[in-house]
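What you see is a predicted model; the values in this text were computed from it and never measured.
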Amino acid sequence: MAAATTQSPPYYTASNGRPVSNPVSSQRLGRNGPVLLQDFHLIDLLAHFDRERIPERVVHAKGSGAFGEFEVTDDVTDVTSADFLSQIGKKTPIAIRFSTVGGEKGSADTARDPRGFAIKFYTEEGNFDMVMNDTPVFFIRDGVKFPTLIHSQKRNPQTNLKDATSFWDFISGNQESAHQIMQLFSDRGTPASWRYMNAYSAHTFKFTKTDGTWCYMKLHFLADLKFKTLTNDEAMHLYKANPDWNTQDLFNAIDKSNYPSWTMYCQTLTPEQAQNFRWNIFDVTKVWPHSEVPLRCMGKMTLNRNPQNYFAEIEQIAFAPSHLVPGIEPSADPMLQARLFSYADSQRHRLGVNYQQLPVNKPLHVYAPWQRDGPSAINGNYGPAPNYQSSLQPVEYKPAAELIEHEEWVGKAMRNIWEATDEDFVQPGMLWKVLGKQPGQQDNFMYNVAVFLSGAVEDVRKRTYGMFRRVDEELGRRIEEETERRVEEPEKDEIVEGILKKLED
Ligand code: HEM
């Protein structure tokens with residue numbers, strides 16, 4: 001095997017290692033003649049530059065990340081056999097990436113948008129990814145609606161502008177999203193920075209044990225710095241003043257050894273409790289109220305290292321809800337089931353089929369020589385090891401690595417249209433009352449909705465008022481008043497007005 005490429009060579013080379021004596025001028029025919037195709041250095045440099053960009057993530061394109069460790073602080077061996085949770089004091093290295101959802105790679109950090117919060121635990125039994133948001137619920141509960149939801153929040157296909165009408169059109173036509181909207185349009189939708197936000201698995205997963213027992217669970221990561229938010233005006237100010245606010249805040253904090261940390265909790269329900277629970281545990285638009293299912297402390301996660309290279313370690317990191325480890329299994333939540341497919345599929349497109357071999361994605365231990373070849377195989381391709389399961393070199397199977405024989409499902413194949421009912425407005429209504437107990441929060445919610453909703457067409461506005469009335473009659477009425485007032489008298493930005501006037505003159 002050739003020696004690894006040195007990071008700081010003593011002299012300038014082309015990509016094949018050939019020294020280049022004058023890399024600031026191209027080879028030409030005479031003093032003023034055309035450039036020569038034989039100039040490998042020039043062609044090599046330009047051809048590589050032309051291919052520098054890889055597809056950005058289809059969602060969550062803007063983000064930043066760091067590295068650190070997770071430490072178990074409480075015994076949870078009664079509910080899971082996960083190796084990395086098996087002992088108090090056990091530490092696991094982690095990588096994390098925070099993100100916004102709808103904007104492009106260069107978009108501003110303080111947009112009103114859920115925040116992504118994805119953690120990769122490099123455990124002894126494989127990589128465990130917890131791919132979460134900072135909201136405990138989501139807009140929809142069937143993955144088949146995801147592309148449409150996202151398109152309605154991305155740019156209009158004709159104008160290439162963000163579009164208030166399509167946003168609210170989708171929301172008011174899919175009113176199971178009311179709970180997420182209550183989260184997103186309160187000041188919770190603009191957290192102060194990555195360091196001050198919480199994260200939630202949102203979906204139900206399963207904890208399993210090697211003795212065959214299991215339970216349903218949700219995970220929560222609560223910021224030790226405590227959850228802090230921005231008002232809409234503060235967020236808009238930062239949007240212009242420093243679009244990379246969160247990215248800079250995280251990097252600077254870690255650089256100054258001001259390490260952010262989160263405490264990890266779980267909520268658990270036995271299968272019997274889940275059966276009799278008021279809320280459908282496979283519905284990601286619902287929370288499990290803490291008063292009914294208390295939080296149980298598990299451990300602490302600390303970020304203490306910045307990446308050395310953004311592209312290698314953060315852009316190329318690949319999280320997937322399907323990256324689970326023994327002791328943690330997916331539930332039948334239909335959104336989660338769709339996600340189990342979508343992430344690795346996106347990563348095969350974004351990073352190539354061998355994305356798991358990239359240093360930041362590489363598990364501590366892996367033996368899968370049946371996954372061979374393909375573009376950019378960088379792991380030595382398993383040398384002479386058989387590429388099939390050979391009786392001559394048998395590979396051991398670890399017992400009880402997967403425990404999937406828990407649930408028995410019976411039913412006909414069908415499409416289950418899961419329309420919004422009155423039940424879907426109970427938890428949003430509860431949240432509206434919670435906001436009422438925090439000074440100014442209901443007013444902020446009203447303002448945050450009205451500034452955006454006033455940009456939508458009349459039909460969509462009306463349907464949206466109806467949705468808010470189902471949350472709370474008074475809320476619907478006040479949103480309608482505040483929004484229609486803004487439609488009649490749109491707020492004017494003096495600087496923009498001045499520029500328009502200058503252009504007309
Ligand atoms: C069926 C619904 C969903 C689908 C199909 C979906 C699909 C995707 C895809 C394709 C990516 C890009 C992956 C990549 O290229 O690396 C992504 C990123 C992400 N998604 Fe989802 N998503 C869904 C719902 C959710 C939900 C409910 C959450 C949170 C609870 C979530 C959190 C995230 C996060 C945090 C990222 C960014 C991960 C990173 O930092 O690399 N998604 N999603």
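S193 and N246 share no donor-acceptor pair across their side chains, judged by distance under 3.5 Å alone. For the residue pair Q180 / T135, a side-chain donor-acceptor distance below 3.5 Å is found, with atom types taken as modelled. For N232 and R112, the side-chain atoms include at least one donor-acceptor pair closer than 3.5 Å. Side chains of T302 and N304: a donor-acceptor N/O pair is absent below 3.5 angstrom, by distance only. Between the side chains of D75 and T77, at least one donor N or O sits under 3.5 Å from an acceptor N or O. If you check the side chains of N280 and K286, you find no donor sitting under 3.5 Å from an acceptor.
Applying the side chain to side chain contact (heavy atoms under 4.5 Å, CB included) criterion to R278, with sequence neighbours excluded, gives E423, V426. In this structure N258 satisfies the side chain to side chain contact (heavy atoms under 4.5 Å, CB included) test together with R195, A253, sequence neighbours excluded.
A salt bridge does not link D74 with R296: none of the charged nitrogens is closer than 4.0 Å to a carboxylate oxygen. Here R57 pairs with E315 in a salt bridge; the nearest charged N to carboxylate O distance falls below 4.0 Å. Ion pairing between a basic and an acidic side chain is recognised when a charged N comes within 4.0 Å of a carboxylate O; D169 and R463 show such pairing. A salt bridge links K300 to D224: at least one charged side-chain nitrogen sits closer than 4.0 Å to a carboxylate oxygen. Here K90 pairs with D83 in a salt bridge; the nearest charged N to carboxylate O distance falls below 4.0 Å. The pair K105-E56 does not count as a salt bridge, with every side-chain nitrogen at least 4.0 angstrom from each carboxylate oxygen. Taking the charged nitrogens against the carboxylate oxygens, E480 and R469 do have a contact shorter than 4.0 Å, which makes a salt bridge. Between R97 and E313 no salt bridge is recorded (no basic side-chain N to carboxylate O distance below 4.0 Å).
The aromatic ring centroids of Y216 and F205 lie 6.0 Å or more from each other. A ring-centre distance under 6.0 Å is not found for Y196 and F227. The aromatic ring centroids of W262 and F117 lie less than 6.0 Å from each other.
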Discussion item. Run N127 and H323 through side chain to side chain donor-acceptor pair (under 3.5 Å) and show every step you take.
Written reply: CA-CA 6 Å; N127 289 349; H323 294 162; over 6 Å; no
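Counting heavy atoms from C-beta outward, I328 and K206 have side chains that stay 4.5 Å or more apart.
Evaluated for a side chain to side chain donor-acceptor pair (under 3.5 Å) with D187, the options N448, T231, T229 yield exactly one hit, N448.
The list of ring pair (Phe, Tyr, Trp, His ring centres under 6.0 Å) pairs with a residue in residues 411-439, not counting sequence neighbours, reads W432-F445.
Residue L475 comes nearest to M182 through the heavy atom pair CD2-CE, 4.0 Å, listed as atom of the first residue, atom of the second, then distance.
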